[in-house]
Structure formats: C-alpha cells, structure tokens
Amino acid sequence: MSMTAMDLEQDDYVMTTTSLPYIDGDVDPQTRSAIQMMIEQEMTTFTPDYLDTPPVDIQFSIPRIQEEWNKILENDGDYHLPEIDNERYTIHKPNDRQVEVWEDAIKRAKIKLSHIYTSIENLELFDAYGTNSYVYNIEKLERNKELLQSVLEDYKKEVKSVNRKRHKEQKAAGKKLERLEQEWKQLVLSRKNIDDTIVQLEEEIAQKRAIVDDDISLTMSAYNDYESSGEE
C-alpha cells in the first residue's frame, strides 16, 4: 500500500491500494485503471479473501444461545432463528365440557395475565428509570466513539508516518538509481564507441593487410622475373 505525493500533501486522509513505487511518478488514468484491474484480479485468488469480514469468535455463557450462534457460523450467516411460538400465550374459548380442556384454558389465561402484569411492571420501571438509562447508554456510546476515533487517528498517523518514511527512502533510492542508470548508459555508450573503434581498426588493418599482400605479391613476382632472367 502506498500513497502518491499528492495524497501526502492533502489534509484529508487518503488511502489507496497500490504497489507502485513513488519513484515511478504519476501514471495516466488508463494505465492506473489497468493496474487497478490487475490488483482486483489478483485479490480474487487470495485465500481467504481478506476483504470479507471473518466470523467473530464469540463465546456465550448461555448454552442455548451459544448453540444458535454456532448454527449461524456453520451456515455462513444464512440461518434464521426459529420464530417464537405464541400459541401458548393465546387464549381460546373452550368448546368442550371436558375438565382437562378448561384447566388448560385457565392455565393459558394465568400465563397471559402474568405476562400482562410483567409488561405493566416493565413499563413502570421504564417510566421511572428508562430516561436515565438511555442517557447513560448514550454517554457510554459517545465515550466509546471518542475512544475508537482516537484509536483510528493513531492508526492514520502511523500509516502516514510509514508512507512518508517510505516516500523519503524511495526518493533517496531513486536518485541513486538515476545516477547508476546514467553511469550504465555511459558505460554502454563507451562500450559501443569501443566496438565501433574496433570495427574501424579491423577494417583499416584488413585494408593495410591487403595492400601489404599486394606489395608482397608484386615484389615476389618481380623477384621471380629477375631470377628467371639471370638464369638465361
């Protein structure tokens, strides 16, 4: 992950997903789009995909809740808790004269009445303490929010510090690379000049050797003619 020089100068925090070094400079939009596409294609091969939020390993103290939570994890979140059965709280007028049916109806009525009493108590408690509870909860959430924002800002500063350090190191390395590149170009140019000089010298040597060979041939021919005339 790196940030461009423009990103470092902005006040707002900017984070880009790219592995391009700073010394390469800015790239045109078409090239950047192609690079981003290659990054996204590479990210699809990651196992697991780090962009997916992994299941949170939570341990509940109540076995029944832990059992339902495990079912959610086993089904990758595609699991719904069974609906609450309200039938036991429903009162039906008995249509039978059997004692068991009326006893069941009375039992359901008592359950319903107990539920109503509990609801009334909850409403009274909420009326007496609910407002303060909400205020306390909001204050607690605000404190948590401030704490998380502080942690987030610390991470942002750390990321910026790392990127500034990398930016500085890569700029320094970039200057060294540019110097070495110039030296390499000079060496390549010198080597080319040397090769050209060698080729030129070889041509001159070949030409002079041809001249010398011709002179030797003429000299040997004249000598042979002289020898032949002397014998006669």
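Keep in mind the model is a prediction, meaning the values are calculated, not measured. Position 1 is the first residue of the sequence; numbering continues from there.
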Return yes when atom CD1 of I62 has more than 12 non-hydrogen atoms of other residues, nucleotides or ligands closer than 6.0 Å, and no otherwise. no
Do other residues, nucleotides or ligands put more than 12 heavy atoms under 6.0 Å from the CZ atom of R191? no
Any donor-acceptor pair under 3.5 Å from [X] side chain to [Y] backbone:
X: N193; Y: L189; result: yes
X: D104; Y: E100; result: no
X: T118; Y: S114; result: yes
X: T44; Y: Q41; result: yes

Take L113 and Y117 through the test side-chain contact (heavy atoms from CB on, under 4.5 Å) and record every step on the way to the result. CA-CA 6 Å; L113 185 62; Y117 284 152; 3.6 Å; yes
Are [X] and [Y] close enough for a salt bridge, meaning some N to O gap below 4.0 Å?
X: R166; Y: E169; answer: no
X: K175; Y: E178; answer: no
X: K107; Y: E103; answer: no
X: E146; Y: R143; answer: no

As an exercise, state the distance from [atom1] of [X] to [atom2] of [Y], rounded to the nearest 0.5 Å.
X: H167; Y: K171; atom1: NE2; atom2: NZ; value: 4.5 Å
X: Q149; Y: E142; atom1: CD; atom2: CD; value: 8.5 Å
X: L148; Y: L141; atom1: CG; atom2: CG; value: 10.5 Å
X: L147; Y: K145; atom1: CG; atom2: NZ; value: 13.0 Å
X: L123; Y: E121; atom1: CG; atom2: CD; value: 10.5 Å
X: S33; Y: Q36; atom1: OG; atom2: CD; value: 8.0 Å

Does the side chain of Q66 pick up a donor-acceptor pair with the side chain of N70 at under 3.5 Å? yes
Apply the test side-chain contact (heavy atoms from CB on, under 4.5 Å) to residues L201 and E204: give CA-CA distance (whole Å), side-chain angles for both, the deciding distance (0.1 Å), then the verdict. CA-CA 5 Å; L201 290 174; E204 292 179 359; 3.9 Å; yes
Pairs in or reaching into residues 133-153: which pass ring-ring contact (aromatic ring centres under 6.0 Å, His included), with residues at least two apart or in two chains? F126-Y134
Show the numbers, then the answer: is there a side-chain contact (heavy atoms from CB on, under 4.5 Å) between R108 and K112? CA-CA 6 Å; R108 290 173 180 268; K112 184 69 175 180; over 6 Å; no
Using a 4.5 Å cut-off on heavy atoms from C-beta on, say whether the side chain of Y155 contacts that of V151. yes
Are any non-hydrogen side-chain atoms of E183 and Q186 less than 4.5 angstrom apart? no
Check the hydrophobic clustering (I, L, V, M, F, W, Y; side-chain heavy atoms under 4.5 Å; chains of links allowed) and say if V99 and I106 are grouped together. no
